[in-house]
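Report on one structure; see the data block that follows.
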Amino acid sequence: MKLLHTTLGALVLLVPLALTAPAAASPAASTVASPAAAVAVAPPNIPLANVKAHLTQLQTIATANGGNRAHGRPGYLASANYVKGRLDAAGYTTTLQSFTYNGATGYNVIADWPGGDPNDILMTGAHLDSVTAGPGINDNGSGSASILEVALEVSRQALQPSKHLRFAWWGAEELGLRGSQFYVNNLPATERAKIKGYLNFDMVGSPNAGYFLYDGDNSDGVGSGPGPAGSAELEQTLASYFGSIGVPTRGTDFDGRSDYGPFIAVGIAAGGTFTGAEGIKSTAQAQLWGGTAGQAFDPCYHRACDTTANINDTALDRNADAVAHAVWTLGTAVPPVTVWSDTFETSTGWVTNPDGTDTATTGLWERGDPEATTSSGAKQLGTTVSGTNDLVTGRLAGSSAGANDLDGGLSSIRSPAITLPSSGVLKVSLSWYLAHGSNSSSADFFRVRVVGSSSATVFTQAGAATDRDGAWGTATADISAFAGQSVRIVIEAADASGASLVEAGVDDVKITQQ
């Protein structure tokens, strides 16, 4: 692991909300009947002592092989053989995949657990190599040991997942993601398409730990944007675990500096946790998580002192349990069934200003093929999530970025009536963006409401006095409280701060039942 990049979001959650990316929907609005969902399998607690026993083995290997486990060195192959031996004994089908980089042979350990849908693969990975300077126990023995113990627990429990489970330990990550890149590059397109999600765990026991999740839904609104469709679901699954133990999390950007990079580059959803590298813990972060402000999350990052003494047991324990929570929750889940969806490729009856109370004078919501605008960065996006059309505030670019943006107050648009089933967990999801100039404020907003026998605001993104470029994000809200009702979805955007530059868009709205 080579870089820390953290961000803080301005997302306001007003009902129980899970951030996830919608799957591909039908060309127009549609309704599908849905069966009852299966009972989920409870995730296990992963014993810290077992994870640390693996770290002790990796330390012993490094000590016996020149003090490191780096690519092309005997300590790395010994590490790979240790991992493979444990997995072979546990009933996995394993492969020691070799590749060459810088004139040296490297290895990936790939392990498949029997069963599950072979066309729906959940992959969990961590890099196994260290730098040449030290044994690499936090970076990244911690991630490697955590996913190894989770894989062994899968075997102990004889888990029968709905998804096919695949685990990977990557070589030569420290030299530029060489092992994971080799793996992805050499997968046939048909095999890549079977991998529906990749979970990455790189440095999960940092001594001055933070608790970071890869920002799959782009709720932070900065950096490289959201991960591929499905990334937000992976983020929320991990967030739900940390929330259940009362540990706050913060986002870290998909900056391409760990082994998720080759996966997101080919459109595979990704997520994972990170406890920090050479970055300095701020005062606010120390107040949030404890530890020492003004010091690195890992003072021994890429140094000889990255030994078994360089581990925060609490962080390692929590993250190993988070790995198990994600593998069990996602791996045993029954895929949700689509109740209703709309990709806006045809008109399905959305109505603007449905209550006759809108005040906006320009930039009103409409369905169509949007034209791009820029002002200190992208504001209205000329690209959609799927197809040609979306919902957008004033789709024409005009003579300048401010020509057809939202002005004068509120604009709203309402869906046709949707009959919800009376049982199961019901969720509404959508792709969205809110863009604004630095002349915006928190009075501006993007908002989603569900209206049935009552009304609930299920998602809000407020503006701010900073420049925010347009970037597609995803959001999902639990609307089970409306089960059995006929409801409508109301989408609103407001320029309420005066003459501020505001643009918004929506695509791929969907309601699912599980």
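Bear in mind that the values here come from a model prediction, so they are computed numbers and not experimental data.
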So, taking the atom named [atom1] in [X] and the one named [atom2] in [Y], what distance separates them when rounded to the nearest 0.5 Å?
X    : Y    : atom1 : atom2 : answer
D298 : I137 : CG    : CD1   : 11.5 Å
T273 : M203 : OG1   : CE    : 11.5 Å
I413 : I489 : CD1   : CD1   : 11.5 Å
D342 : L391 : CG    : CG    : 7.5 Å
L199 : L330 : CG    : CG    : 6.5 Å
T474 : F459 : OG1   : CZ    : 8.5 Å

Considering residues at least two apart in sequence or located in another chain, which fulfil the ring pair (Phe, Tyr, Trp, His ring centres under 6.0 Å) criterion with F482?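 By the ring pair (Phe, Tyr, Trp, His ring centres under 6.0 Å) rule, F482 matches no residue at all.
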Who pairs with F201 by ring pair (Phe, Tyr, Trp, His ring centres under 6.0 Å), at least two apart in sequence or on another chain?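 None.
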Under the side chain to side chain contact (heavy atoms under 4.5 Å, CB included) rule, what do I491 and W350 come out as? Steps first, then yes or no, please. CA-CA 10 Å; I491 296 171; W350 289 73; 3.9 Å; yes
Check [X] against [Y] and note the closest heavy-atom contact, atom names and distance.
X    : Y    : value
K379 : D469 : NZ-OD1, 2.8 Å
L434 : G463 : CD2-N, 4.2 Å
S231 : A270 : OG-N, 3.1 Å
N138 : D306 : N-OD1, 2.8 Å
A269 : G230 : CB-C, 3.5 Å
A151 : Y92  : O-OH, 2.6 Å

Could I get the full list of side chain to side chain donor-acceptor pair (under 3.5 Å) partners for [X], not counting sequence neighbours?
X    : answer
S162 : none
S180 : D259
T373 : none
D120 : K163

Side-chain heavy atoms of [X] within contact of [Y], under 4.5 Å:
X    : Y    : answer
H127 : D139 : yes
P421 : L426 : yes
F344 : D507 : yes
L288 : R250 : yes
V506 : V448 : no
F242 : L213 : yes
D202 : E173 : yes
L187 : V266 : no

Salt bridge (Lys or Arg N to Asp or Glu O under 4.0 Å) contacts in which one or both residues fall within residues 180-190, not counting sequence neighbours: none
Between [X] (side chain) and [Y] (backbone), is there a donor-acceptor pair under 3.5 Å?
X    : Y    : result
N108 : G171 : yes
W113 : P161 : no
H436 : T466 : yes
E345 : G387 : no
N140 : A126 : no
Q380 : D405 : no
S442 : A462 : no

Determine, step by step, whether S411 and L406 satisfy the side chain to side chain contact (heavy atoms under 4.5 Å, CB included) criterion, reporting the C-alpha distance in whole Å, the side-chain angles of both residues, the deciding distance to 0.1 Å, and the verdict. CA-CA 8 Å; S411 178; L406 185 64; 3.8 Å; yes
Using the ring centroid of each side chain, check whether F212 and F297 are separated by less than 6.0 Å.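 They qualify: ring centres under 6.0 Å apart.
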Side chain to side chain contact (heavy atoms under 4.5 Å, CB included) between L152 and E149, worked out: CA-CA 5 Å; L152 296 178; E149 189 55 31; 3.8 Å; yes
What's the verdict on side chain to side chain donor-acceptor pair (under 3.5 Å) for D495 and S500, showing C-alpha distance, side-chain angles and the deciding distance? CA-CA 7 Å; D495 172 15; S500 52; 2.5 Å; yes
Can you name the residues that form a side-chain contact (heavy atoms from CB on, under 4.5 Å) with S412, not counting sequence neighbours?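 side-chain contact (heavy atoms from CB on, under 4.5 Å) list for S412, sorted by chain: P354, D358, V490, E492.
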Residues D390, R367: salt bridge by 4.0 Å N-O rule: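 Not counted as a salt bridge, because no side-chain N and carboxylate O are separated by less than 4.0 Å.
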Under 3.5 Å, is there a donor on one side chain and an acceptor on the other for N208 and Q295? no
Does the side chain of S376 come under 3.5 Å of the side chain of D467 through a donor N or O and an acceptor N or O? no
So if I apply the ring-ring contact (aromatic ring centres under 6.0 Å, His included) rule between Y198 and each of F263, Y260, Y183, F167, which one comes out positive?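 Result for ring-ring contact (aromatic ring centres under 6.0 Å, His included) with Y198: F263.
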Positive for ring-ring contact (aromatic ring centres under 6.0 Å, His included) with W432, one of W472, F445, F446: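 It is F446; the other options fail the test.
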Applying salt bridge (charged side-chain N to carboxylate O under 4.0 Å, His left out), name anything that partners [X], two or more places apart in sequence or on another chain.
X    : answer
D112 : R166
D369 : none
R395 : E366
K196 : none

Looking at E191, I'd like to know if its CD atom is crowded, meaning that more than 12 non-hydrogen atoms belonging to other residues, nucleotides or ligands lie closer than 6.0 Å. yes
Going through the distances and angles, do E278 and H302 end up as a side chain to side chain donor-acceptor pair (under 3.5 Å)? CA-CA 9 Å; E278 81 277 28; H302 284 188; over 6 Å; no
How far apart are the C-alpha atoms of L238 and T249, what are their side-chain angles, what is the distance that settles it, and do they pass the side chain to side chain contact (heavy atoms under 4.5 Å, CB included) test? CA-CA 10 Å; L238 291 162; T249 58; over 6 Å; no
